[in-house]
Amino acid sequence: RQLEPSYRLPPPCGPNEYPVTNSFPTSSFPCRGGSRFAALVVTLGLASGRVELASDHEAWAEAYRRERARRLEAIAPRILDVRHVGSTSVAGVPAKPILDILIAVESFEEAVVCVEPMERLGYRYRGEHGVPRRHYFVKGDPRTHHVHVVERASREWTAMVRFRALLTSDPEAARRL
């Protein structure tokens with residue numbers, strides 16, 4: 001089943017909603033402070049065990065940027081690189097409405113210090129969760145974010161970055177997904 005973005009008034013928004021104003025030509029609405037504009041709110045989240053696709057939307061990139069900033073502030077000394085990966089990072093393709101974020105660290109063992117700050121941000125730590133030398137975090141119920149913390153020199157980092165690069169550089173390959 002494919003989900004469509006929902007049109008609603010701007011903030012206050014729920015914890016998993018990211019407003020993007022003036023995204024589409026729509027009627028304007030009154031909002032705080034007396035100004036008028038239209039807002040598109042994209043809801044992230046997918047219940048465990050469900051598979052649904054949402055239409056591609058530019059708000060996913062904004063949601064990633066916001067979450068990236070929060071994470072960088074919390075665990076910055078350990079981070080070498082951060083990337084938006086997974087289907088929500090590829091323009092023009094439907095995706096599961098869950099943000100996948102890839103974080104590079106120098107050492108898997110040293111990255112364990114990231115667990116507590118991530119938990120304070122609302123993430124649940126899942127250990128390696130089937131992928132050796134990966135710290136895996138999830139957020140939301142329904143799930144809205146997946147964070148993969150891996151060594152930058154790892155096969156996991158290389159595979160995820162290259163796969164995203166392929167899909168963003170070859171729209172035809174992305175559409176075949």
Side-chain angles (χ1 to χ4, degrees), residues 3 5 13-20 41-168 174 177:
L3 304 174
C13 293
N16 300 325
E17 297 177 332
Y18 299 88
V20 176
V41 177
V42 174
T43 302
L44 293 172
L46 193 59
S48 183
R50 293 192 61 126
V51 176
E52 293 181 355
L53 298 178
S55 298
D56 164 55
H57 197 274
E58 64 200 37
W60 289 332
E62 176 60 25
Y64 161 73
R65 284 190 290 278
R66 289 180 187 199
E67 198 63 21
R68 180 180 190 268
R70 292 181 66 222
R71 220 176 355 281
L72 283 176
E73 188 176 295
I75 61 175
R78 303 288 180 208
I79 295 175
L80 300 177
D81 199 353
V82 181
R83 305 282 179 98
H84 183 191
V85 296
S87 54
T88 59
S89 72
V90 181
V93 298
K96 291 185 301 181
I98 299 173
L99 292 181
D100 278 285
I101 300 167
L102 183 63
I103 297 177
V105 294
E106 188 68 38
S107 162
F108 173 80
E109 290 78 16
E110 290 177 15
V112 75
V113 301
C114 298
V115 173
E116 186 179 326
M118 291 291 287
E119 286 176 335
R120 283 195 307 266
L121 291 173
Y123 287 88
R124 289 189 315 269
Y125 182 56
R126 299 294 190 160
E128 294 178 69
H129 202 68
V131 177
R133 302 188 65 76
R134 171 185 72 165
H135 295 286
Y136 182 61
F137 299 86
V138 298
K139 181 178 175 184
D141 187 16
R143 188 140 326 139
T144 58
H145 297 73
H146 295 162
V147 175
H148 314 264
V149 179
V150 300
E151 293 169 320
R152 185 164 45 189
S154 71
R155 294 171 80 179
E156 185 74 14
W157 173 268
T158 302
M160 291 179 87
V161 169
R162 285 184 178 171
F163 185 67
R164 181 187 183 277
L166 168 70
L167 296 180
T168 57
L177 281 181

| message | Enumerate the side chain to side chain donor-acceptor pair (under 3.5 Å) contacts for residues 153-164, please, sequence neighbours excluded, ordered by first and then second residue. | response | Ser89-Arg164
| With Arg83 via salt bridge (charged side-chain N to carboxylate O under 4.0 Å, His left out) - residues at least two apart | Asp81
| Spacing of Tyr136 atom OH and Glu128 atom CD [to the nearest 0.5 Å] | 13.5 Å
| note | d(Glu110 CD, Glu151 CD) to nearest 0.5 Å is 9.5 Å
| note | Residue pairs meeting ring-ring contact (aromatic ring centres under 6.0 Å, His included), one or both in residues 70-105, sequence neighbours left out, come to Tyr64-His84
| field | side-chain contact (heavy atoms from CB on, under 4.5 Å) assessment of Val115 paired with Phe137 | value | CA-CA 9 Å; Val115 173; Phe137 299 86; 4.1 Å; yes
Please report, to 0.1 Å, the donor-acceptor pairs under 3.5 Å made by any side chain of residues 95-106, with sequence neighbours excluded.
residue: Asp100; atom: OD1; partner: His146; partner atom: ND1; Å: 3.2
residue: Asp100; atom: OD1; partner: His148; partner atom: NE2; Å: 2.9

| task | Just grab all the ring-ring contact (aromatic ring centres under 6.0 Å, His included) pairs involving residues 87-121, residues at least two apart or on different chains. | result | Phe108-His135
| task | Taking all heavy atoms of Val93 and all of Ser87, pick out the closest pair and write down the distance. | result | CG2-O, 3.9 Å
| Which atom of Leu121 lies closest to which atom of Ala74, heavy atoms considered | CD1-CB, 3.8 Å
| request: Only counting residues at least two apart or in another chain, list the ones meeting salt bridge (charged side-chain N to carboxylate O under 4.0 Å, His left out) with Glu109. | output: Arg133
| query | Are the side chain of Arg78 and the backbone of Val113 linked by a donor-acceptor contact shorter than 3.5 Å? | reply | no
| Donor-acceptor contact present, side-chain Thr144 to main-chain Lys139, <3.5 Å | yes
| task | Please assess Val147 against Met118 for the test side-chain contact (heavy atoms from CB on, under 4.5 Å), listing each intermediate value before the final yes or no. | result | CA-CA 10 Å; Val147 175; Met118 291 291 287; 3.9 Å; yes
| note | Here the side chain to side chain donor-acceptor pair (under 3.5 Å) pairs for residues 113-124, sequence neighbours left out, are Glu67-Tyr123, Arg71-Tyr123, Glu116-Arg120
| field | Qualifying residues under salt bridge (charged side-chain N to carboxylate O under 4.0 Å, His left out), relative to Arg126, sequence neighbours excluded | value | none
